[in-house]
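Some notes on the structure that comes next.
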Amino acid sequence: MHSSNSPAIEVDDLVKTYGEVEAVRGVSFSVARGEVFGFLGPNGAGKSTTINMLCTLARPTSGSARVSGFDVAAERDDVRRHIGLVFQDQTLDLYLTAAQNLRMHAELYGIDPGVIPARMRQMLEMVDLWERRDQPVLTFSGGMRRRLEIARGLLHSPRVLFLDEPTVGLDPQTRSSIWDYIRALQQTEGTTIFMTTHYMDEAEQCDRIAIMDRGELVVLDTPAALKASVGADRLDDVFMHYTGSAIRDAESSSATDLNRVLTRALRGSGR
Amino acid sequence: MSAVAVEVVPVRVPERSWRSEARAVRIVWRRDLLRFATDRTRVVTLLIQPLLFLFVLGSGLQALAAASTEGVDLKTVIFPGVLCMALVFSAMFSAATLVMDREFGFLREMMVAPVRRSSIVVGKCLGGATVAALQGAIMLALAGLVHVPYDPLLLLGLFGLLLLLAFTVTAFGLLVAVRIRQLQSFTSVMQMLVMPMFFLSGALYPVSGLPTWLELLNRLNPLTYAVDPMRRLVFDHLAISDAARRTLDAGVTWFGWRVPALVEMAIVLALGLALLALAIVQFARTE
């Protein structure tokens, strides 16, 4: 059994390789309970692969990780019972209504039928979709769908909520309201939030930030400490400082390799 | 918002048990029924082809067939086969929803839930089978139009056989579906498999006195063993001459031995269970 004061997430020398490609090369970090943890990095840095391992969708090649005190490889079901997920790509059933989508989730997670209606109502009210509960998701806008996914991810009261770019493609109003939910949750249920984002103003709101690049963890600290460490006012500059300015292309590894060589050469000559 | 301290409704996710798996199977099954109930286009479009076969082909060929059907309407003869056809199309469509779920993301929601992969496949199979049997039942309601009596025992028996076949065909569809990632490829693969299966099954003709090559293919075709008991059951309830019965319902034989209906049903069931088991193994391996 896990003890109640173990960290929400504990990652130790985690590695994932696909054939010859090393997507994640020995990453270690830990996230405290109730923390809002930002996980940043350029495209193809290995963020999604890491998240997939943490939420048991991919098996680590080596190393270990514990989420809410459970091992992601050996105790997959226990991990799944304690996490919530909101993916980058939508995973709703568009032909069902908002309420039917939540009901389906509650049944899959084995939630006590007696509390389902009240909990569903609470979640739907939180994301302002209670009035629209009986309409098919197909009729919802992008922002409404994302809010519904967040409500669903929280329905079973997860200890850790993974948000993979939860606000991408949303208008500023929706983005800001999503941040309100995140903060409210953290306060009322003590949920740990593990999120990826490309928006630096959002990263700024995290308690701590980890920056990943080329499968490795580059740096991990509070936003303020990170800015101080490179003498920058903006997090964008911190990000560029640690990951370089070359544009990444996750698909063409040869181009990335070339960029890496060039960047290293330029950095070396500058020193 | 957010500043208001809301009273939290506490929930807990229990440890996995046979009960939680049963709930997962049930909700996956229910989802298929819900979607069937709301998707009228699907109900109608999947009926068009069987209706064409039954009423257009059946009426059109009646003049040619009259000489050899001993006075029995051709539509009556092919009715059991057309029932199977309606069901096969619907079962394939249900299997296709697995490919759609993968393509449009919903599968991920089920994959990360704390339930066994096998529960998802079993729920899908039962859901698809129920929907396909219901689709078959809609055709069954037309029995009177083709001189098949509305005898409660006959209808009940036919519905039971429809459920059995629906289960096996859906399991077959799912086995194909777990390997395929794009809906387009699934549709064409299915087209390639379903039409030959249907034509070889004897759904549209009696299966005695066929050329050897066709007889061989017919006996190897699993669908044959689903159509035959249905035809037997229908002919049991028709008031026709013995000569007509002998010609039109000669039945499936292995080296001259008439295969009993129970054996045929056991073949269909065993095949269904084997296909489902294979689909589960394949599905558990993905991702």
Side-chain angles (χ1 to χ4, degrees), chain A residues 52 55-58 76-85 87 89-97 100-101 103-113 115-123 125-126 128 136 149 152-153 155-158 162 177 179-185 187-189, chain B residues 1-42 97-98 100-117 119-120 123 127 284-287:
Chain A
N52 280 344
C55 62
T56 75
L57 280 175
R76 274 158 65 125
D77 285 317
D78 291 309
V79 172
R80 289 175 182 200
R81 283 166 47 219
H82 292 91
I83 60 173
L85 294 148
F87 299 109
D89 306 310
Q90 74 99 23
T91 61
L92 297 163
D93 185 332
L94 301 181
Y95 297 94
L96 297 184
T97 65
Q100 285 169 338
N101 267 286
R103 182 81 205 194
M104 171 116 201
H105 186 86
E107 294 289 334
L108 280 176
Y109 281 75
I111 295 173
D112 174 9
V115 302
I116 294 176
R119 178 77 184 180
M120 265 173 60
R121 175 164 192 156
Q122 187 189 13
M123 289 301 117
E125 279 177 345
M126 182 187 80
D128 291 319
E149 293 219 41
R152 188 181 64 179
L155 189 68
H156 57 285
S157 194
F162 290 93
S177 73
W179 269 98
D180 286 341
Y181 309 139
I182 292 176
R183 285 291 170 197
L185 257 172
Q187 276 152 25
T188 53
E189 302 208 326
Chain B
M1 74 143 282
S2 91
V4 197
V6 277
E7 198 153 317
V8 178
V9 181
V11 292
R12 228 194 96 250
V13 181
E15 281 194 39
R16 208 168 75 178
S17 62
W18 66 269
R19 194 172 163 268
S20 64
E21 297 298 338
R23 277 180 83 185
V25 170
R26 202 173 140 260
I27 195 67
V28 175
W29 170 80
R30 241 185 72 123
R31 171 172 173 250
D32 269 14
L33 290 191
L34 269 175
R35 289 185 59 162
F36 177 70
T38 50
D39 194 352
R40 294 209 185 89
T41 333
R42 166 178 170 184
T97 60
L98 185 71
M100 284 189 240
D101 283 344
R102 191 191 295 281
E103 216 177 335
F104 302 120
F106 187 76
L107 190 64
R108 244 185 145 186
E109 153 79 357
M110 295 194 278
M111 299 287 253
V112 293
V115 296
R116 282 181 175 277
R117 300 265 158 101
S119 301
I120 299 171
R285 260 189 222 156
T286 53
E287 261 114 348

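Reckoned from all heavy atoms, side chains included, excluding hydrogens, waters and symmetry mates.
Taking B:D101, B:L34, B:I120 one by one and counting their heavy-atom pairs under 4.5 Å with chain A, the maximum is reached by B:L34. Heavy-atom pairs under 4.5 Å with chain B were tallied for A:E125, A:H105, A:R103, A:R76; the largest tally goes to A:H105. The residue among A:D93, A:I111, A:I116, A:L96 with the most heavy atom pairs within less than 4.5 Å of chain B is A:D93. For the set A:R121, A:E189, A:M123, the count of heavy-atom pairs under 4.5 angstrom toward chain B peaks at A:E189.
Distance check: A:H82 NE2 to B:R12 CZ gives 8.0 Å after rounding to the nearest 0.5 Å. The distance from atom CZ of B:R116 to atom CG of A:D77, rounded to the nearest 0.5 Å, is 7.5 Å. Here the straight-line distance linking atom OH of A:Y95 with atom OG1 of B:T38 works out to 10.0 Å at 0.5 Å rounding. Here B:I27 contributes atom CD1 and A:Q100 contributes atom CD; the two are 9.0 Å apart, rounded to the nearest 0.5 Å. Atom CG of residue A:L108 and atom CD of residue B:E21 lie 10.0 Å apart, to the nearest 0.5 angstrom. Here the straight-line distance linking atom CG of A:N101 with atom CD of B:E109 works out to 7.5 Å at 0.5 Å rounding.
Of the two parts of B:V28, the backbone and the side chain both hold a non-hydrogen atom closer than 4.5 Å to a non-hydrogen atom of chain A. Heavy-atom distances place no part of A:P117 under 4.5 Å from chain B, backbone and side chain included. Residue B:M100 does not touch chain A at all, counting heavy-atom pairs closer than 4.5 Å.
The closest side-chain heavy-atom distance from B:R16 to A:D78 is not below 4.5 Å.
Nearest heavy-atom pair, B:R31 versus A:M104, reported as atom, atom and distance to 0.1 Å: CD-SD, 3.5 Å. Contact between A:Y109 and B:V13 at its shortest, heavy atoms only, is O-CG1, 3.1 Å.
Checked by atom type and distance alone, the side chain of A:R81 pairs as donor or acceptor with a backbone atom of B:P14 at under 3.5 Å.
One finds no salt bridge joining A:D89 and B:R108 here, because no Lys/Arg side-chain nitrogen approaches an Asp/Glu carboxylate oxygen to under 4.0 Å.
B:R30 CZ: 12 or fewer foreign heavy atoms inside a 6.0 Å radius.
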